[in-house]
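All heavy atoms count here, side chains included; hydrogens, waters and symmetry mates do not. In this text the structure is predicted, and so the values were computed from the model without any measurement.
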Amino acid sequence: TRRFVMAASSSAYGDTDELPKHEAMLPRPLSPYASGKLAGEQAVTGSGCRHLVLRTSWVWSGQGNNFLLTMLRLAAERPALSIVDDQVGCPTWARNLARASLRMLRQALQAEPAAAFDGLYHYCDADAVSWYEFADEIGNEAHRGMVIDLPRCPDLEDPSLVHDRDPVRHGQRLFLVVGNEEEGLV
C-alpha cells in the first residue's frame, strides 16, 4: 500500500481565539500563503490516495531559510535585534518532524484497515513561545550574547490583535493513533 505524506502549515487556521487548536477545527486562511497551503492539503485529501497530512508550525533546521538561521545571521551583523512578542507558535525541528512522519508511516502501512490512519494530524516539538522567546533561546543556546530588545507593539496592548496563538500544540488525533513514546510527539 502506498501513502502520500505531506507536511502542512498551521497558517490554515488564520486568526482564531479558540485554543488549543485541534484537527477538527475548520480552516480560515487569511493570506494567499495560507490559502495555497490549504489548497495543497485539500488536493491531497480529495485525491482518494492513502495519505497522512501533518500540520505543523515554525519549522527550523541548520539548513535553508528559517527563523533560527535568520537570527544567527542577524546577530552576527547587528549589535542588537528587535523581535516582536505578539506572535506565538510552536517551534518544530525538521529532523523531529521527519522522524514523526516516518513513525506514522510505518504504523500506517501495518494498519488494518488501511484507511485507519488517513487524515490530518498535528505535530510540533515544543510548547508555544513568542518570536521574542524563541530568539532569546537561540541566543542562549548559541552562546552569542545576542542583545534582543522587545519593541513596544500596539498589538500587545489589545489582546484581540495578537496573531498565531498556539497554532498546533495539541495533536489529539496523533496522540490517540500513534501514542507518546518519543520526545516531540504530542
Side-chain angles (χ1 to χ4, degrees), residues 3-47 49-71 84 86-109 117-135 137-138 141 162-186:
R3 294 217 180 239
F4 188 89
V5 179
M6 175 185 186
S9 173
S10 64
S11 64
Y13 291 121
D15 273 346
T16 167
D17 290 330
E18 187 176 342
L19 295 175
K21 305 296 189 248
H22 53 84
E23 291 89 345
M25 288 180 69
L26 293 177
R28 295 190 321 214
L30 298 177
S31 70
Y33 170 83
S35 294
K37 289 293 197 174
L38 180 59
E41 284 183 28
Q42 291 169 336
V44 169
T45 59
S47 72
C49 72
R50 302 270 69 101
H51 63 275
L52 302 171
V53 177
L54 278 82
R55 201 174 271 169
T56 191
S57 69
W58 294 18
V59 179
W60 62 271
S61 76
Q63 301 174 13
N65 296 317
N66 59 74
F67 190 76
L68 167 75
L69 296 179
T70 299
M71 290 301 100
V84 298
D86 69 333
Q87 294 184 35
V88 177
C90 302
T92 302
W93 188 21
R95 183 177 295 174
N96 285 347
L97 179 60
R99 287 176 180 159
S101 299
L102 286 173
R103 182 169 179 220
M104 288 190 69
L105 184 57
R106 281 188 207 108
Q107 289 190 16
L109 291 173
F117 267 71
D118 285 358
L120 172 69
Y121 298 86
H122 286 179
Y123 177 84
C124 63
D125 281 339
D127 290 329
V129 296
S130 70
W131 282 127
Y132 174 85
E133 292 167 318
F134 192 18
E137 186 61 27
I138 290 167
E141 289 294 322
V162 175
H163 307 288
D164 295 335
R165 290 180 240 167
D166 198 14
V168 297
R169 179 61 186 153
H170 295 279
Q172 297 162 343
R173 186 163 188 242
L174 180 66
F175 178 76
L176 290 172
V177 175
V178 177
N180 190 19
E181 293 176 15
E182 294 179 19
E183 183 176 333
L185 292 181
V186 294

Mutual orientation of the aromatic rings belonging to Phe134 and Trp58 [parallel < 30°, tilted 30-60°, perpendicular > 60°]: parallel
Are the side chains of Ser101 and Leu52 in touch, meaning some heavy atoms are under 4.5 Å apart? no
I'd like to know if the side chain of Asp118 reaches the main chain of Arg50, judged simply by a donor and an acceptor atom lying under 3.5 Å from each other, with no hydrogens or angles considered. no
Minimal heavy-atom distance between Met6 and Gly40, with the atoms involved, is CE-C, 3.6 Å
What salt bridge (Lys or Arg N to Asp or Glu O under 4.0 Å) pairs are there with at least one residue in residues 35-47, not counting sequence neighbours? Glu41-Arg55
Output the distance between atom CG (Asp125) and atom OH (Tyr123), rounded to the nearest 0.5 Å. 4.0 Å
Report the residues that fulfil side-chain contact (heavy atoms from CB on, under 4.5 Å) with Ala34, sequence neighbours left out, ordered by chain and then residue number. Ser11, Pro29, Ser31
Just wondering, do Glu137 and Val129 contact through their side chains at under 4.5 Å, heavy atoms? no
When you compare the side chain of Leu120 with that of Thr45, does any pair of heavy atoms fall below 4.5 Å? no
Those residues that, when tested against Arg95, pass side-chain contact (heavy atoms from CB on, under 4.5 Å) (two or more places apart): Trp93, Arg99
Closest heavy-atom pair and its distance - Leu69, Ser61: CG-O, 3.7 Å
Would a distance-only check, ignoring hydrogens and angles, find a side-chain to backbone donor-acceptor pair under 3.5 Å from Thr92 to Ser57? yes
